[in-house]
Amino acid sequence: MKKKSSAKNGSGTEGKRVRIVHCIRSLPKGRVSTYGAIARAAGWAGAARQVVRVLRQVDGLPWHRVVGAGGAIKCPGESAAEQRFRLRMEGVTFRGMRVNMKLHEHKFPRR
DNA sequence: ACTGTGACACTGG
DNA sequence: ACCAGTGCCACAG
């Protein structure tokens, strides 16, 4: 059974996309991570943008726990305010406009 | 079905 | 703070 319908599909972008989702869901409360870090954890070095795509597409993810490099929030307009607000509510501390990665950056297992 | 173009909640120098 | 490079995706012709 199993069907390998598509010739070269399967473990293409879709499989990795699922992995990214899994990683983001794995973010515990009060912890944050960066796009690039998640991409790497999912086995996609340099796919920070794809992480973004997933965050926007898939809902039910702690999107507010995902920030840019250095803990900078890259969200547009109100989303940024909400993200900041939510993170703060989870006990995350900020340093100016950036998350204090020193204290809250989550460490993924391996890679 | 294939190719071209544009856009993006990025990263690093 | 600004610029350039990069990877994958979505849409149109």
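Protein chains get the first letters and strands the later ones, always in sequence-line order, with residue 1 at the start of each. No experiment lies behind these values; they were computed from the predicted model shown.
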Is [Y] close to [X] at the side-chain level, that is, under 4.5 Å between some pair of heavy atoms?
X: A:V58; Y: A:W63; value: no
X: A:V21; Y: A:I24; value: no
X: A:H104; Y: A:F94; value: no

Counting heavy atoms from C-beta on, name the nucleotide in [options] closest to the side chain of [X].
X: A:T34; options: B:dT11, C:dA10, B:dC10; answer: B:dT11
X: A:K74; options: C:dG7, B:dA9, C:dC8; answer: B:dA9
X: A:Q57; options: C:dG7, B:dT11, C:dA10; answer: C:dA10

At what distance, to the nearest 0.5 angstrom, does [atom1] of [X] lie from [atom2] of [Y]?
X: A:L61; Y: A:I20; atom1: CG; atom2: CD1; value: 10.5 Å
X: A:R31; Y: A:L87; atom1: CZ; atom2: CG; value: 13.0 Å
X: A:Q57; Y: A:Q50; atom1: CD; atom2: CD; value: 11.0 Å

[X] [atom1] to [N] [atom2], straight-line distance once rounded to whole Å:
X: A:Q50; N: C:dG7; atom1: CD; atom2: C1'; result: 5 Å
X: A:E82; N: B:dA9; atom1: CD; atom2: P; result: 16 Å
X: A:L55; N: B:dA9; atom1: CG; atom2: P; result: 11 Å
X: A:R49; N: B:dA7; atom1: CZ; atom2: C1'; result: 9 Å
X: A:I20; N: B:dA9; atom1: CD1; atom2: P; result: 16 Å
X: A:K16; N: C:dC8; atom1: NZ; atom2: P; result: 7 Å
X: A:R40; N: C:dG7; atom1: CZ; atom2: P; result: 14 Å
X: A:I73; N: B:dT11; atom1: CD1; atom2: C1'; result: 17 Å

Legend entry - Nucleotide-level pairing of DNA chain B, given in dot-bracket where Watson-Crick and G-U pairs need both distances under 3.5 Å and | marks other strands: .|||||.|.||||

Legend entry - Donor-acceptor pair under 3.5 Å, A:R53 side chain vs C:dC9 base: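 Donor-acceptor pair under 3.5 Å: no.
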
Legend entry - Residues from residues 65-72 of chain A lying under 4.0 Å of DNA chain B - heavy atoms: A:G68, A:A69

Return a table of donor-acceptor pairs under 3.5 angstrom between the side chains of residues 65-80 of chain A and protein atoms on other chains or two or more places apart.
unit_1 : atom_1 : unit_2 : atom_2 : d
A:R65  : NE     : A:E90  : OE1    : 3.0
A:R65  : NH1    : A:L27  : O      : 2.8
A:R65  : NH2    : A:E90  : OE2    : 3.1

Inset, instruction - Look only at the side chain of A:Q83 and the backbone of A:H64, and say whether a donor-acceptor pair between them is shorter than 3.5 Å. - result: yes

Inset, instruction - Taking all heavy atoms of A:C23 and all of A:I38, pick out the closest pair and write down the distance. - result: CB-CG2, 4.1 Å

Inset, instruction - Report yes if at least one side-chain N or O of A:R56 is closer than 4.0 Å to OP1 or OP2 of B:dA9; otherwise report no. - result: yes

